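A quick write-up on the structure given underneath.
Note that the coordinates shown come from a computational prediction; the quantities given were computed from them, not determined experimentally.
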Amino acid sequence: MASTLLSLASATPSASLSFHEINKGKLNLGCINKEKPNPFIKAKSFGRVSMVVASNVSHFEGITMAPPDPILGVSEAFKADDHELKLNLGVGAYRTEELQPYVLDVVKKADKLLLEKGENLEYLPIEGLAAFNKVTAELLFGADNPVIKQQRVATVQGLSGTGSLRLAAALIERYFPGAKVLISSPTWGNHKNIFNDARVPWSEYRYYDPKTVGLDFEGMIADIKAAPEGSFILLHGCAHNPTGIDPTPEQWGVIADVIQEKNHIPFFDIAYQGFASGSLDTDAASVRMFVARGMEVIAAQSYSKNLGLYAERIGAINVVCSSPEAAARVKSQLKRIARPMYSNPPVHGARIVANIVGDSALFKEWNAEMEMMAGRIKNVRHKLFDSLSSKDKSGKDWSFVLKQIGMFSFTGLNKAQCDNMTNKWHVYMTKDGRISLAGLSLAKCEYLADAIIDSYHNVS
């Protein structure tokens, strides 16, 4: 807010209140003279009274307005819509059949146990909760994996998947200068942001084939082969986001072959372990295959989806190294990066994970709830396919919906068709055609099918 100097001057300069006198009252607003004008102060004259006014010019005038987040912006638009049939299929967060947020029963039990224990809230070490780091590495690689027993894994607790990826990106920027990260086309929207902010160069490899609404496997292999030796290849361990299209086990073997031949470094993003198929081991099979070949691997984990700990920001970055000495050095540098970034991670969610995975009864209950959540999404996927197939008389093959896995389905709709989904049908989704089946109920599958069919056939 502009402030006004309490300076009243007569017509003669000698009668004016001096800046020296003003400074005595601690009202120093800068020196005004012809040689060094202050851009934040303007002089105004009102007859015999001269007033010096500080203008409301910000130091931050050069900062432009950032565009809205393409995913979170969908939720904001959804909330502003009062239509009774509206659907929010934008954000990847699990919902019940009543389309309400779900807190796992096993999380409630673990949370209650924490309260009963009366744990303190002291700072964690930079690398996070030791019990969490132990169980999260074992969960991903397998407790009996030689890399665990030989202490060849550097594990650091991160701020969920995003923060863990960011730590790895900073490690790449610092110790692999000029190395490029290859990401799938398309990929989760935040991947590009993370590498851009870490100043890590990236390019894309072909992944999605719009003609088949499936995997462009030949294009993917060709692009990985063509990448400069020693590149980092970012892979979605399971339930590819946004397409829901995963390589087959045989295709994973070919991908591993090419990465080994080119001396690339596989970099896995694991956001849905146990949540895609309902099995923790099945969803970790791709990562374990690469590790079993003796490859050094980077893997980021998140517990947002499989434990519903969205707001707790619990995840980890794991670096599988060729020796325990290398793992120790990598861990020390990850800690060095984390210290000025956020100092140390939060404890509450980490304790929840450690207690659930470390307790046989709670672990069994968690597995059952994951199967239930994954099962509900599978049921919705089948119902949507059935609705599309029965309602669409054009003969179009909608089987790609069944071939995809996880919480997302890539519909193949373009931006104009997605706009029609929102403007006409009140279905909110990302503009690349992705829908979150976790935000869909069995009761609304037919309505969604009507919207998709109309948008696909009637909007170019």
Side-chain angles (χ1 to χ4, degrees), residues 140-142 145 147 153 161 164-165 168-169 172 176 179-188 191-192 194-195 200-273 276-277 279-302 317-322 400 403-406 408 410:
L140 180 57
F141 302 110
N145 197 307
V147 297
V153 184
S164 300
L165 288 163
I172 292 170
F176 300 85
K180 181 179 289 187
V181 175
L182 268 69
I183 59 179
S184 65
S185 177
T187 192
W188 176 50
H191 280 150
K192 296 177 182 179
I194 289 166
F195 294 115
V200 173
W202 57 267
S203 62
E204 296 179 308
Y205 59 83
R206 283 168 284 178
Y207 193 86
Y208 171 69
D209 183 353
K211 295 179 181 178
T212 63
V213 196
L215 178 64
D216 182 358
F217 184 64
E218 290 184 3
M220 177 183 185
I221 294 300
D223 290 344
I224 293 175
K225 282 184 176 180
E229 184 173 326
S231 295
F232 291 82
I233 312 300
L234 186 65
L235 303 162
H236 300 228
C238 63
H240 183 274
N241 179 2
T243 67
I245 302 164
D246 284 357
T248 65
E250 293 75 22
Q251 289 172 331
W252 274 120
V254 176
I255 294 166
D257 288 339
V258 175
I259 288 177
Q260 274 190 299
E261 290 168 7
K262 291 288 295 186
N263 197 31
H264 295 324
I265 301 96
F267 183 174
F268 283 92
D269 186 357
I270 314 293
Y272 306 100
Q273 187 184 356
S277 68
S279 165
L280 288 162
D281 292 329
T282 298
D283 292 344
S286 60
V287 182
R288 294 177 187 180
M289 174 194 292
F290 281 66
V291 172
R293 289 173 172 237
M295 302 172 72
E296 294 188 306
V297 172
I298 299 177
Q301 293 170 276
S302 168
I317 187 67
N318 304 270
V319 183
V320 179
C321 302
S322 60
F400 64 83
K403 295 174 184 176
Q404 297 167 355
I405 190 174
F408 299 115
F410 219 50

Between L235 and Y205, is there a side-chain heavy-atom distance shorter than 4.5 Å?
yes

Would you give the length of the straight line joining atom CD1 of I298 to atom OG of S164, rounded to the nearest 0.5 angstrom?
12.0 Å

Measure the shortest side-chain to side-chain distance between W202 and L234 over non-hydrogen atoms and say whether it is less than 4.5 angstrom.
no

Side-chain contact test, heavy atoms from C-beta onward, threshold under 4.5 Å: evaluate it for Y272 versus F408 and give yes or no.
yes

Could you pull out the closest heavy-atom pair between L215 and Q251, with the gap in Å?
CD2-OE1, 3.6 Å

What heavy-atom pair brings A284 and Q273 nearest, and what distance separates the two atoms?
CB-NE2, 3.6 Å

Apply the test side chain to side chain contact (heavy atoms under 4.5 Å, CB included) to residues R293 and D257: give CA-CA distance (whole Å), side-chain angles for both, the deciding distance (0.1 Å), then the verdict.
CA-CA 10 Å; R293 289 173 172 237; D257 288 339; 2.6 Å; yes

Tell me, which pairs form a side chain to side chain donor-acceptor pair (under 3.5 Å) where one or both residues lie in residues 222-234, sequence neighbours left out?
R206-D223

Steps toward side chain to side chain contact (heavy atoms under 4.5 Å, CB included) verdict (Q301, N318)
CA-CA 8 Å; Q301 293 170 276; N318 304 270; 2.6 Å; yes

Can you check whether F410 reaches P210 side chain to side chain, under 4.5 Å on heavy atoms?
no

Between I255 and F217, is a side chain to side chain contact (heavy atoms under 4.5 Å, CB included) present by the stated rule, with each step listed?
CA-CA 9 Å; I255 294 166; F217 184 64; 3.9 Å; yes

In the structure I gave you, are the side-chain heavy atoms of S203 and L182 within less than 4.5 Å of one another anywhere?
yes

Do F290 and V320 make a side-chain contact, defined as non-hydrogen atoms from C-beta onward lying under 4.5 Å apart?
no

Would you please classify the geometry between the H191 ring and the W188 ring as parallel, tilted or perpendicular, with 30° and 60° separating the classes?
perpendicular

Quick note, salt bridge (charged side-chain N to carboxylate O under 4.0 Å, His left out) partners involving residues 279-289, not counting sequence neighbours, are D281-R288

Student check: side-chain heavy atoms of F232 and V200 closer than 4.5 Å
no

W252 vs F268 aromatic rings, parallel, tilted or perpendicular, using cut-offs 30° and 60°?
tilted

How close do P242 and P186 get, counting heavy atoms only, and between which atoms?
CG-CG, 3.8 Å

Do V287 and F141 touch side chain to side chain, with heavy atoms closer than 4.5 Å?
yes

Using a cut-off of 6.0 Å, state whether more than 12 heavy atoms not belonging to K403 lie near its atom NZ.
no

S184 to H236 - nearest heavy-atom pair and separation:
OG-NE2, 3.7 Å

Is it true that atom CZ of F176 has more than 12 heavy atoms of other residues, nucleotides or ligands lying nearer than 6.0 Å?
no

Strictly distance-based, threshold 3.5 Å: is any side-chain N or O of Y207 a donor or acceptor partner for the main-chain N or O of I245?
yes

D246 side chain to A239 backbone, donor-acceptor under 3.5 Å
yes

Closest approach of I405 to A276 (non-hydrogen atoms, all atoms of both residues):
CG1-O, 4.1 Å

Approximate separation, where rounding is to 0.5 Å, of D216 CG and I221 CD1
10.0 Å

Taking C321's backbone N and O only, do any of them form a donor-acceptor pair with E296's side chain (distance below 3.5 Å, no angle check)?
no

Rounded distance (nearest 0.5 Å) linking atom CD1 of I265 with atom CE of M295:
9.0 Å

Distance check, rounded to the nearest 0.5 Å: I194 atom CD1 versus I183 atom CD1?
10.0 Å

